[in-house]
Amino acid sequence: MPRKIYVFIGVQGSGKGTQAELLAKKFELCHISTGDLLRSSTGELKTKIDSYINQGNFVPNELILEILKERMVQHDCDNGIIFDGFPRNLEQAKALDTFLEVTKVIEIKISDSESLKRLLGRRVCEKCGRSYNIYTSPKPEVEGFCDICGGKLVKRADDNEDAIKKRIATYHNETEPLLDYYKDKLVSINGENTIELIFEELIKRLS
Ligand code: AMP
C-alpha cells in the first residue's frame, strides 16, 4: 500500500496542528510540525532559528529541508506522514515533490480576525508543548497549567501583535498560492467550528 502523505495548510491559529495530531493518531501516521521541530533545536542553531521565528519571519528553506529530511526517515513515519506547517511557499512545495508524492492537501479556513484573536489567546505548555486558548478552546482545567503534564502555560514569543500580523500577511502572500498549486488534491474545511466537528468533517471528506 502506498504511504499516505497529507499536508495541512491554514493561517496561524487555524487549528491545523490539533487536527493533524488527531488524524495522525487515527491513521497511525507520524505528525511532523516544522514549527515544533524548529522550537526543539538546541545550542547555536536555536539562537539562529529563534531570531527568525520571534520576528515573525520564515526560517530559510535549506535549513527547513535539512531538519525535515532527518525527521522523515525515522520509523514512526513508515506508514506515512502528516505535514503541519510545511510546505509554506512554492519553493518548498516543489522540493517536497522531488522526494514524496502528496496524497491530499487539507486547508483549514478561518478569517484573519479569528486568527489574530486565537493567537493572542494562545498559551502553550512549556514542558510538553501542548496548546491551549484563554478565549476559545481548549481551555485548561486549571488556569495556567497543562491538563496533561501539569507544566506551566506560557505565551509563545512570536505570539505578539506585530509578529502575528506579519505572519498573517506572509501566509496570504507566500502560502496561500499553494492552494492553487495543489488544487487537484485539495480538501477545504471551515475551521471556525468545534474541534470535534471539524475532525468529523475531515474524516468524511477524506474517505
Ligand atoms: P508554527 O509553529 O507553524 O506557527 O511555526 C512557527 C514559526 O516557525 C513560523 O512563523 C516560521 O518562522 C517558522 N517555520 C515553521 N515552519 C516553517 C517553514 N515550513 N518554512 C519556514 N519557516 C517555518
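Just follow the structure's listing: the first ligand is 1, and inside any ligand the first atom is 1. Sequential numbering from 1 along the given sequence is applied to the chain's residues.
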How is the hydrophobic cluster of Ile148 composed, in terms of its other members, when Ile, Leu, Val, Met, Phe, Trp and Tyr link through side-chain heavy atoms under 4.5 Å apart, directly or indirectly?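 Grouped by the 4.5 Å side-chain rule, Tyr132, Leu153 form the rest of the cluster around Ile148.
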
Answer yes or no: is there a side-chain heavy-atom contact under 4.5 Å between Arg118 and Ile110?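 They are in contact (side-chain heavy atoms under 4.5 Å apart), so the answer is yes.
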
Would you check if Val7 and Phe86 make a side-chain contact, meaning some heavy-atom pair closer than 4.5 Å?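 No; the side chains remain at least 4.5 Å from each other.
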
Kindly write out the residues that satisfy ring pair (Phe, Tyr, Trp, His ring centres under 6.0 Å) with Tyr6, not counting sequence neighbours, or none if the list is empty.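 For Tyr6 there are no ring pair (Phe, Tyr, Trp, His ring centres under 6.0 Å) partners, ignoring immediate neighbours.
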
N/O to N/O under 3.5 Å, ligand 1 against protein:
| from | atom 1 | to | atom 2 | distance (Å) |
| --- | --- | --- | --- | --- |
| ligand 1 | 2 (O) | Arg39 | NH1 | 3.0 |
| ligand 1 | 2 (O) | Arg39 | NH2 | 3.0 |
| ligand 1 | 2 (O) | Arg156 | NH1 | 3.3 |
| ligand 1 | 2 (O) | Arg156 | NH2 | 3.4 |
| ligand 1 | 3 (O) | Arg88 | NH1 | 3.3 |
| ligand 1 | 3 (O) | Arg88 | NH2 | 3.2 |
| ligand 1 | 4 (O) | Arg156 | NH2 | 3.1 |
| ligand 1 | 12 (O) | Asn57 | O | 2.6 |
| ligand 1 | 16 (N) | Thr34 | OG1 | 2.8 |
| ligand 1 | 16 (N) | Gly85 | O | 3.4 |
| ligand 1 | 16 (N) | Arg88 | NH1 | 2.9 |
| ligand 1 | 19 (N) | Gly85 | O | 2.9 |
| ligand 1 | 19 (N) | Gln92 | OE1 | 3.0 |
| ligand 1 | 20 (N) | Gln92 | NE2 | 2.9 |
| ligand 1 | 22 (N) | Val59 | N | 3.1 |

Test of understanding: with side-chain contact (heavy atoms from CB on, under 4.5 Å), list the residues that count as partners of Tyr182, not counting sequence neighbours.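 Tyr182 satisfies side-chain contact (heavy atoms from CB on, under 4.5 Å) with Ile9, Pro87, Ala93, Leu96, Val102, Val105, Leu178 once adjacent residues are dropped.
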
Is it true that the SG atoms of Cys77 and Cys30 are less than 2.5 Å apart?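 Yes, the SG atoms sit under 2.5 Å apart.
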
